[in-house]
Every structure is written in structure tokens, then in C-alpha cells.
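Below, each value reflects all heavy atoms present in this structure, side chains not excepted, and no hydrogens, waters or symmetry copies.
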Amino acid sequence: MQPNPSTTRAPRVLAGDLGSVESGARATLAGWIHRRRVLASVTFLVLRDRSGLAQVVVKDPSTVEQLARLPEETVVEVTGVVCANESAPGGAELVEPVITALTEPALAPPTELWRPTFGAGLPTHLDHAAVTLRHPRHRAAWQIASASMRGFREALGALDFTEIATPKLVGTATESGANVFTVDYFGRTAYLAQSPQLYKQMLVGVFERVFEVGPVFRAEPHDTVRHLAQYTSLDAELGFVRDHRDVLTVLRAAIAGMVEAIGEYAGDAAALLGVELPRVPEEFPVIHFSDALAKVGADLDEPDLSPAHERALSEWATTAYDSDFLAVEGYPMGKRPFYTHPQPGDERWSNSFDLLFRGLELTTGGQRLHRPSDYAAAMARTGTDPAVLAGYLDAFAHGMPPHGGFAIGLERWVGRLTGAENIREVTLFPRDLHRLEP
């Protein structure tokens with residue numbers, strides 16, 4: 001009777017852990033053929049798995065011949081003897097290997113993934129993302145994103161927030177001024193949600209503190225390096241705030257948690273991409289919108305900050321506060337959604353803010369209205385039919401505390417960290433004005 005290979009092979013070891021295995025022990029690696037280097041007397045197989053790279057030394061002629069028939073990106077299992085080698089990745093390599101192909105020989109990728117830098121342009125990467133995302137630099141960008149989401153969850157969880165999951169198919173298109181995608185919903189018109197804003201407000205009345213990590217959809221016909229039609233939003237909403245400054249305090253804790261998580265869970269990825277993690281101050285420096293306009297020499301009746309203004313203000317914050325972050329508060333009420341709370345004493349301005357990070361708007365947030373009478377006035381002022389938002393307004397009629405929240409664009413965050421020239425570089429499968437595939 002032939003032995004069962006699954007019961008006789010050595011336990012699988014991740015490439016990144018091979019150096020911790022005792023020299024002389026048998027171990028099994030499993031992953032993708034990252035590179036083959038053929039020399040006169042030896043062939044090196046570099047294997048890649050989720051933890052990194054490992055080196056396999058092949059000298060047996062029949063194994064060398066077998067490896068020659070297995071192109072790069074073929075999935076294999078390799079069992080051999082661990083041998084210490086300071087020049088190998090992780091300080092150890094596998095010798096005397098037995099190689100088992102777990103798939104048919106792989107087709108050649110659209111560019112050589114073993115090269116330190118990605119050798120193809122952005123269109124090639126996006127067209128073949130299922131393969132080109134395997135390149136260590138592309139993988140690293142999303143490992144930073146993954147760690148950021150983990151840190152966001154851990155930071156808010158420590159503050160007693162409840163994670164929620166809200167509908168992405170909605171019946172009204174009145175959440176903001178942004179355009180929306182329409183969907184045929186069993187013969188009725190529905191929309192892809194622009195944000196979880198209305199739902200997370202309603203759920204403050206249930207859980208008091210809530211957050212969500214999920215997709216949002218914007219049908220704005222932007223064709224720029226900083227806009228997507230679908231992106232990942234890190235949202236939070238909390239009750240019993242005094243004003244928007246309490247929201248800023250929680251936002252600071254969330255971003256500090258994201259930075260800490262990158263260092264803990266994606267430190268190697270950050271190092272590979274040369275990411276300089278920001279120092280998160282104990283409090284974000286804050287400037288009022290009207291003062292910000294004056295600071296950059298803009299007309300004082302401007303309704304918003306331009307990208308050039310954001311860059312100039314960030315440069316000023318770096319000089320004045322040694323901070324990569326700057327909160328701009330008090331945006332004009334006319335530029336904020338109907339649920340925004342006005343600034344007490346001067347209702348031209350709002351109790352809202354944008355957080356700038358290294359020259360780019362990263363976060364929008366603020367205090368919301370919470371009294372039914374204020375919502376009735378806001379409905380009248382904006383010409384909104386209360387019947388359209390009946391389910392939403394019902395929560396306020398039954399008692400809602402003062403509250404506020406914020407939303408962080410994940411891809412923008414990662415793009416600024418990595419210095420990406422185009423947000424699509426740090427998005428797994430971008431959706432924009434032109435792209436629905438892959």
C-alpha cells in the first residue's frame with residue numbers, strides 16, 4: 001500500500017517563519033513560484049506565500065528538470081531540510097527539496113512580478129489586477145489598508161462603539177448633493193447608498209456609539225486621480241456630544257489607532273513602500289474656515305477650499321504646529337448637508353470640519369441636528385419633503401441625544417501614506433467613470 005502523502009509530509013511552515021525552524025529539521029513550504037534562478041551547478045527557487053519569500057536550493061538533476069517545466073506563478077508544495085544561511089531570506093533556506101505542483105503550469109503574468117519595482121503601467125495593472133496585485137508592492141499597499149481598518153475597529157471598540165452594517169440599497173436619494181446610481185429594485189427605483197449617514201444617526205438612538213466599515217457609491221462624473229465612484233468609508237457616529245470638538249477627539253483616537261495598527265500588523269509593508277507614518281498629536285490643530293481663507297489669501301466669500309488651499313494650509317500646519325494634520329472647522333452652512341448643526345451665535349457657519357492630511361481632505365465630520373423642530377426648519381429651508389425621510393425623522397421624534405460623527409476615505413488615507421500619484425494604485429478593483437472590470 002502506498003503511503004498517504006498528506007500524512008507523511010512535514011508540517012507546513014510559512015516562508016516568514018522558516019528561520020525559526022531548527023536547522024536540520026524537515027519542513028514544508030507551500031506557495032507560488034516567485035522566481036527561478038538557474039546557475040551552472042545549482043538552481044534557486046524563490047517561493048512566495050502570504051508571509052513573504054523563502055529560498056529553496058535545488059541540485060538534484062531530476063528536480064532541476066522538473067522545476068524547469070514549472071513557470072513562475074505556478075502553485076507548488078516543497079518539502080525539504082531546513083538549513084541556516086544568513087544570505088537567504090529570513091536567515092534559512094530549504095535544501096534537498098521534493099517539489100509537488102498543486103496546479104497546472106501557470107501562464108506568464110503580464111509583467112515579471114519578481115522584479116523589485118512594478119514594470120508595467122497603471123492600465124496594465126488595473127486590467128490584470130487579479131494577477132498583478134500579487135506583486136509585493138501592490139500587496140503591501142492593501143496590507144496597509146487592511147491594518148488601518150483593523151486599527152479603526154480596535155480603537156473604536158475600545159471606546160465602547162458597536163459595529164453596524166447598514167443597507168447599501170436605499171429608497172431615497174436625499175442624503176447629500178452628490179449624484180446617485182439608480183437600481184431597478186423589483187420594478188421600483190432604488191439607489192446605491194452615498195453613505196451610511198442617515199442610518200448611523202438613527203442607530204445612535206439604539207446603541208449610542210456606532211461605526212461601520214463599508215462601501216459607498218458616488219455617481220459624480222469626476223475623472224481625476226483622487227476620485228472613485230466606489231470607495232471604502234470608515235464611518236463613526238456618537239451620542240451625547242457637546243459639539244463637534246468632541247467628535248474631533250474621537251476621530252483623533254481612531255486615526256492614532258490606525259497608525260499604531262499599521263506599525264504592528266503591516267510594518268514590513270510600510271517599510272517596503274517607504275511609508276513615513278505620521279505622528280498623531282494629542283489634539284489636532286484647528287483653524288476656523290474664515291481664518292483659513294484669510295491665511296491662504298482667498299476671497300472671504302469663497303464657499304469651499306480648493307485643492308491648492310488645502311495644500312497651502314497643510315504646509316502652514318507643518319511649519320506652525322509640526323503636524324501632518326489640520327482640522328478646518330466652521331464651513332459655511334450652505335455647503336453642508338441639511339442635518340448639520342449651525343455654529344451657535346453665528347448661523348452662517350456650521351459646527352462641522354474637514355481634516356486635512358498632508359495636503360488633502362481626508363475626513364469630513366461634525367455635529368448633527370437632533371431636535372425635531374430643527375429638522376422641520378431644515379426641511380423647509382432646503383425644500384425637502386419630510387414624507388421622503390419619514391423613517392429617518394421618526395427617530396428624532398422619539399428622542400435623540402446631541403450627536404455627531406465623521407467619515408474617513410480609506411483609499412485616500414492609504415494614498416497619502418504611500419505617496420501614490422493616483423488613488424487607483426491603492427484600490428483593489430477600482431470603479432470610476434470608465435472602469436467596471438475586472
Margin query: For the CG atom of Leu326 and the CZ atom of Arg358, what is their distance to the nearest 0.5 Å?
Written below: 14.5 Å
Checklist line | Inter-residue atom distance Arg435.CZ - Leu126.CG, 0.5 Å rounding | finding: 4.5 Å
Margin query: For Asp354, is there an ion pair with Arg336 - N to carboxylate O distance below 4.0 angstrom?
Written below: yes
Item checked: Pairing of Arg245 and Asp243 as salt bridge, 4.0 angstrom limit -> no
Next item on the list: Could you label the plane-to-plane angle of the Phe338 and Tyr392 rings as parallel, tilted or perpendicular, counting under 30° as parallel and over 60° as perpendicular?
Entry: perpendicular
Notebook entry, point to check: Considering all heavy atoms of both residues, which atom of Gln230 and which atom of Pro215 are nearest to each other, and what is their separation?
Noted result: NE2-CB, 3.8 Å
Check: Is His434 close to Asp223 at the side-chain level, that is, under 4.5 Å between some pair of heavy atoms?
Finding: yes
Check: Under 3.5 Å, is there a donor-acceptor pair linking the side chains of His135 and Thr132?
Finding: no
Check: Between Ile255 and Leu362, does a side-chain contact (heavy atoms from CB on, under 4.5 Å) hold up when you go through it step by step?
Finding: CA-CA 11 Å; Ile255 290 180; Leu362 173 69; 4.2 Å; yes
Check: Going through the distances and angles, do Glu72 and His34 end up as a side-chain hydrogen bond (donor to acceptor under 3.5 Å, both in side chains)?
Finding: CA-CA 6 Å; Glu72 286 151 6; His34 188 65; over 6 Å; no
Margin query: Please check if the number of heavy atoms outside Arg12 that lie under 6.0 Å from its CZ is greater than 12.
Written below: yes
Note to self: Using side-chain heavy atoms (C-beta onward) and a distance below 4.5 Å, is Asn351 in contact with Pro344?
What the structure shows: yes
Check: Does the side-chain contact (heavy atoms from CB on, under 4.5 Å) test come out yes or no for His227 and Thr224, once each step is laid out?
Finding: CA-CA 6 Å; His227 289 95; Thr224 75; 2.7 Å; yes
Checklist line | Test item: Ser350 side-chain N/O and Tyr331 main-chain N/O as donor-acceptor pair under 3.5 Å | finding: yes
Notebook entry, point to check: Between His222 and Asp432, do the side chains contain an N or O donor and an N or O acceptor separated by less than 3.5 Å?
Noted result: no
Checklist line | Ion pair Glu73/Arg134, N-O distance below 4.0 Å | finding: yes
Item checked: CG-CG distance between Leu433 and Leu436, expressed to the nearest 0.5 angstrom -> 10.5 Å
Notebook entry, point to check: Would you say Trp32 has more than 12 foreign heavy atoms packed within less than 6.0 Å of its CH2?
Noted result: no
Check: Would you call Trp142 and Leu133 a side-chain contact if the rule is heavy atoms closer than 4.5 Å?
Finding: no
Next item on the list: Ignoring hydrogens and angles, tell me if any N or O in the side chain of Arg416 forms a donor-acceptor pair with the backbone of Glu361 under 3.5 Å.
Entry: no
What side-chain donor-acceptor pairs closer than 3.5 Å can you find for residues 147-157, not counting sequence neighbours?
from	atom 1	to	atom 2	distance (Å)
Ser148	OG	Ile144	O	2.8
Ser148	OG	Trp413	NE1	2.9
Arg153	NE	Glu163	OE1	3.3
Arg153	NE	Glu163	OE2	3.0
Arg153	NH2	Glu163	OE2	3.1
Glu154	OE2	Tyr265	OH	3.1

Checklist line | Listed partners of Phe325 passing ring-ring contact (aromatic ring centres under 6.0 Å, His included), at least two apart | finding: Phe284, Phe357
Check: Are more than 12 heavy atoms from other residues, nucleotides or ligands located less than 6.0 Å from atom OH of Tyr185?
Finding: no
Check: Are any side-chain N or O atoms of Thr418 and backbone N or O atoms of Val414, one a donor and one an acceptor, separated by less than 3.5 Å?
Finding: yes
Next item on the list: Evaluate whether atom CG of Leu107 has more than 12 neighbouring non-hydrogen atoms of other residues, nucleotides or ligands under 6.0 angstrom away.
Entry: no
Notebook entry, point to check: Do Asp160 and Arg209 sit within salt-bridge range, that is, some charged N less than 4.0 Å from a carboxylate O?
Noted result: no
Note to self: What I'd like to find out is whether the side chain of Phe289 reaches to under 4.5 Å of the side chain of Glu329, using heavy atoms alone.
What the structure shows: no
Margin query: For a side-chain contact (heavy atoms from CB on, under 4.5 Å) check, start with the C-alpha distance between Tyr321 and Trp316, then their side-chain angles and the critical distance, and finish with the verdict.
Written below: CA-CA 8 Å; Tyr321 297 101; Trp316 170 75; 3.5 Å; yes
Next item on the list: Look only at the side chain of Thr124 and the backbone of Ala120, and say whether a donor-acceptor pair between them is shorter than 3.5 Å.
Entry: no
Notebook entry, point to check: Do Asp374 and Arg368 meet the salt-bridge criterion of a basic N to acidic O distance under 4.0 Å?
Noted result: no
Check: Okay, side chain of Thr319, backbone of Glu315: is any donor-acceptor separation there less than 3.5 Å?
Finding: yes
Notebook entry, point to check: Is the number of heavy atoms from other residues, nucleotides or ligands under 6.0 Å of Asp268 CG greater than 12?
Noted result: no
Check: Nearest 0.5 Å, what's the CD1-CZ distance between Ile423 and Arg412?
Finding: 6.0 Å
Notebook entry, point to check: Between His309 and Ser306, is there a donor-acceptor pair closer than 3.5 Å when you use the side chain of the first and the backbone of the second?
Noted result: yes
Checklist line | Whether Ser233 side chain and Val216 backbone form a donor-acceptor pair below 3.5 Å | finding: no
Check: Okay, side chain of Asp385, backbone of Ala387: is any donor-acceptor separation there less than 3.5 Å?
Finding: yes
Item checked: Heavy-atom side-chain proximity of Pro285 to Ser323 below 4.5 angstrom -> yes
Checklist line | Phe396 side chain reached by Arg371 side chain, heavy atoms, under 4.5 Å | finding: no
Checklist line | Residue pair Leu251 / Ile408, side-chain heavy-atom distance below 4.5 Å | finding: yes
Next item on the list: Using the side chain to side chain contact (heavy atoms under 4.5 Å, CB included) rule, pick out the option among Val76, Leu94, Thr79, Leu45 that qualifies with Leu29.
Entry: Leu94
Check: For Gly205 and Met400, which heavy atoms make the closest approach, and how far apart are they?
Finding: N-SD, 3.5 Å
Item checked: Cationic N near anionic O, under 4.0 Å, Glu411 to Arg226 -> no
Margin query: Can you confirm whether more than 12 heavy atoms, excluding those of Glu260, are under 6.0 Å from its CD atom?
Written below: no
Margin query: Distance check, rounded to the nearest 0.5 Å: Ser51 atom OG versus Arg48 atom CZ?
Written below: 11.5 Å
Item checked: Arg279 with Asp322: basic N within carboxylate O range, under 4.0 Å -> yes
Note to self: Let's go through Phe211 and Leu234 carefully: what are the C-alpha distance in whole Å and the side-chain angles of both, what is the deciding distance for side-chain contact (heavy atoms from CB on, under 4.5 Å) to 0.1 Å, and is it a yes or a no?
What the structure shows: CA-CA 7 Å; Phe211 75 91; Leu234 312 181; over 6 Å; no
Next item on the list: Might you point out which heavy atoms bring Leu18 and Ala54 nearest each other, and give the distance in Å?
Entry: CD2-CB, 4.2 Å
Check: Strictly by modelled atom types, are Gln343 and His288 linked by a side-chain donor-acceptor pair under 3.5 Å?
Finding: yes
Note to self: Tell me whether Lys168 is salt-bridged to Glu212, with the criterion being a basic N under 4.0 Å from an acidic carboxylate O.
What the structure shows: yes
Notebook entry, point to check: Any side-chain heavy atom of Leu369 within less than 4.5 Å of one from Pro342?
Noted result: yes
Next item on the list: Working to the nearest 0.5 Å, report the span between CG of Leu356 and CD1 of Ile287.
Entry: 10.0 Å
Notebook entry, point to check: Would you find a donor on one side and an acceptor on the other, under 3.5 Å apart, between the side chain of Ser20 and the backbone of Asp17?
Noted result: yes
Next item on the list: Evaluate the side-chain hydrogen bond (donor to acceptor under 3.5 Å, both in side chains) criterion for residues Gln367 and His403: first the C-alpha distance (whole Å), next the side-chain angles of each, then the deciding distance (0.1 Å), finally the verdict.
Entry: CA-CA 6 Å; Gln367 183 182 3; His403 63 282; over 6 Å; no
Item checked: Any donor-acceptor pair under 3.5 Å from Asp184 side chain to Gly187 backbone -> yes
